[in-house]
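Please read the structure below before turning to the comments.
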There are 2 protein chains.
Amino acid sequence: MNDHPIRILIADDHPVVRAGLRAVLETEPGFTIVAEAATAERAVELAAAGGTDVVLMDLQFGGGMNGSQATAAITARPGAPRVLIVTTYDTDADTLPAIEAGATGYLLKDAPPEELAAAVRTAAAGRTTLAPAVADRLMNRLRAPHSSLTRRETEVLTLVAEGLSNQRVSERLHLTQATVKSHLAHIYAKLGVDSRTAAVAAALGLGIIRR
Amino acid sequence: MNDHPIRILIADDHPVVRAGLRAVLETEPGFTIVAEAATAERAVELAAAGGTDVVLMDLQFGGGMNGSQATAAITARPGAPRVLIVTTYDTDADTLPAIEAGATGYLLKDAPPEELAAAVRTAAAGRTTLAPAVADRLMNRLRAPHSSLTRRETEVLTLVAEGLSNQRVSERLHLTQATVKSHLAHIYAKLGVDSRTAAVAAALGLGIIRR
DNA sequence: CCGGGCATCGATCAAAAGGTGGAGACGCCC
DNA sequence: GGGCGTCTCCACCTTTTGATCGATGCCCGG
């Protein structure tokens with residue numbers, strides 16, 4: 001298992017970040033950067049071609065496929081490399097899809113170089129490294145009753161978060177106001193709040209909706 | 001003016017980003033990286049010590065002083081170096097304070113290496129480089145009537161954004177509901193909306209309030 | 001010293017939102 | 001087939017919010 005260096009693929013749309021990861025990892029013994037990808041699609045291609053042990057994957061790409069989707073595509077194949085998420089910010093909305101997609105680890109870009117190198121070795125061995133902040137939130141998530149909204153409820157809440165009235169929401173979704181109010185009542189119960197603005201605040205905090 | 005290479009200070013709390021900027025810029029002729037700073041405070045110290053032409057400044061640091069404050073501190077001194085903001089995301093809330101603080105340019109980290117190098121040269125000459133996305137938003141900002149809220153209005157809106165009712169806001173600020181409603185009416189007029197949730201959405205979009 | 005912006009409060013009235021307690025239709029799974 | 005969750009809708013009522021008039025005191029700059 002230790003007869004070759006760990007072969008690494010760097011996937012990030014920022015040239016500066018790619019150069020930085022390369023600079024940090026190339027000084028470590030036992031690592032080889034075999035390729036870089038500036039898009040998620042390209043990362044999936046390169047990973048599928050083989051010859052890679054660990055993929056360092058950003059979550060945000062300029063457009064097209066995002067990092068979680070790429071991770072799912074990569075890990076779906078037999079003999080796939082491990083995927084280590086290396087991103088700047090962590091919210092529930094980012095972390096959960098990535099982990100569900102089969103990421104082996106989740107690091108933040110402010111990690112010191114030693115931690116990054118250690119995480120790559122851990123990932124190559126198939127074990128998990130989580131940034132402390134991410135681990136904390138995941139634990140809280142498991143403790144809290146899982147309050148996931150249905151697809152329709154999320155649609156309604158997203159429009160409400162844009163400042164639309166019940167009337168406008170009902171028009172946009174081709175519903176009656178009664179239905180919108182019904183959805184909102186369920187949303188309030190699930191989120192433990194009692195007004196639309198509080199629901200938006202809670203959902204933003206939980207990463208259920210964006211912006 | 002061209003008798004020495006451009007002396008650069010890199011200020012960013014991410015080791016990876018520092019390494020990346022260094023890797024990108026060191027390959028360019030006429031550039032010398034004279035120092036790195038992992039905190040905004042350290043950047044101010046190093047810049048004050050002299051011997052620097054251009055500071056590459058991130059806006060977000062882990063804690064303490066942020067990049068805009070550091071920029072203000074650096075540019076306040078006579079003979080100060082130019083400050084070029086190099087950050088990941090751009091919102092009004094980030095851009096405006098940095099520019100008011102005296103930044104010479106504003107780039108995003110997804111800029112290609114050539115653009116970064118060109119911006120450093122431009123900054124060293126005292127002229128401005130703006131990322132296209134930033135330039136766009138600044139133009140829109142100038143066209144739109146500048147709707148800045150008063151301190152009190154911002155306080156009220158911040159609490160409203162946390163989901164509090166008028167009653168709760170009035171308690172928290174030791175006011176009557178009448179006063180809160182009066183502030184809200186002014187806020188709606190300034191933001192061009194007609195409900196609290198829409199005001200929160202608009203204020204988040206404009207960077208007037210956070211999270 | 002006067003005007004204007006700011007912050008504070010009051011009273012009404014109309015509209016919107018929220019609370020309660022339903023109900024029917026659909027799909028899914030055991 | 002029966003239960004469960006989701007999505008849809010209705011009626012009635014209370015509370016909250018917003019709109020529109022006000023008013024007062026304070027401070028600051030021309």
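These figures come from a predicted structure and were not determined experimentally. Basis for what follows: all heavy atoms, side chains included, without hydrogens, waters or symmetry-related copies. Here is how names work: the chains are called A, B, and so on, in the same order as the sequence lines, proteins then strands, and each is numbered from 1.
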Legend entry - Axis bend over the full length of the helix from C/dC1-D/dG30 to C/dC30-D/dG1, computed from five pairs that close each end, to 10 degrees: 40°
Legend entry - Contacts of type side-chain hydrogen bond (donor to acceptor under 3.5 Å, both in side chains), residue A/Arg127, not counting sequence neighbours: none
Inset, instruction - Any salt bridge (charged side-chain N to carboxylate O under 4.0 Å, His left out) involving residues 55-70 of chain B? Give me the pairs, sequence neighbours left out, ordered by first then second residue. - result: B/Asp58-B/Lys109
Inset, instruction - Using atom CG of A/Leu175 as one end and atom P of D/dC7 as the other, report the distance to the nearest whole Å. - result: 11 Å
Inset, instruction - Could you list the residues that satisfy side-chain hydrogen bond (donor to acceptor under 3.5 Å, both in side chains) with B/Asn166, not counting sequence neighbours? - result: B/Arg196
Legend entry - Residue closer to the 5' end of DNA chain C, B/Arg151 versus B/Ala178 (nearest nucleotide): B/Arg151
Inset, instruction - With sequence neighbours excluded, tell me which residues meet salt bridge (charged side-chain N to carboxylate O under 4.0 Å, His left out) with B/Asp53. - result: B/Arg7
Inset, instruction - Would you please name every residue forming a salt bridge (charged side-chain N to carboxylate O under 4.0 Å, His left out) with B/Arg77, sequence neighbours left out? - result: none
Inset, instruction - Identify whether any heavy atom of A/Thr179 sits under 4.0 Å from a base atom; if not, whether one sits that close to sugar-phosphate; answer base, sugar-phosphate or nothing. - result: base
Legend entry - Boundaries of the DNA chain C segment in contact with chain A, non-hydrogen, under 4.0 Å: C/dA17 to C/dG19
Legend entry - Within 6.0 angstrom of B/Arg121 CZ, more than 12 heavy atoms from elsewhere: yes
Inset, instruction - Taking side-chain hydrogen bond (donor to acceptor under 3.5 Å, both in side chains) as the test, write out the residues that go with B/Thr122, two or more places apart. - result: none
Legend entry - Base-contact (B) and sugar-phosphate-only (S) positions in nucleotides 15-26 of chain D, heavy-atom cut-off under 4.0 Å, - elsewhere: --BBB-------
Legend entry - Which residues share a salt bridge (charged side-chain N to carboxylate O under 4.0 Å, His left out) with B/Glu114, sequence neighbours left out: none
Legend entry - Under 4.0 angstrom between A/His183 side-chain N/O and D/dT8 OP1 or OP2: yes
Inset, instruction - For B/Glu155, check salt bridge (charged side-chain N to carboxylate O under 4.0 Å, His left out) against everything at least two apart and list the hits. - result: B/Arg152
Legend entry - For B/Glu41, side-chain hydrogen bond (donor to acceptor under 3.5 Å, both in side chains) partners two or more places apart: none
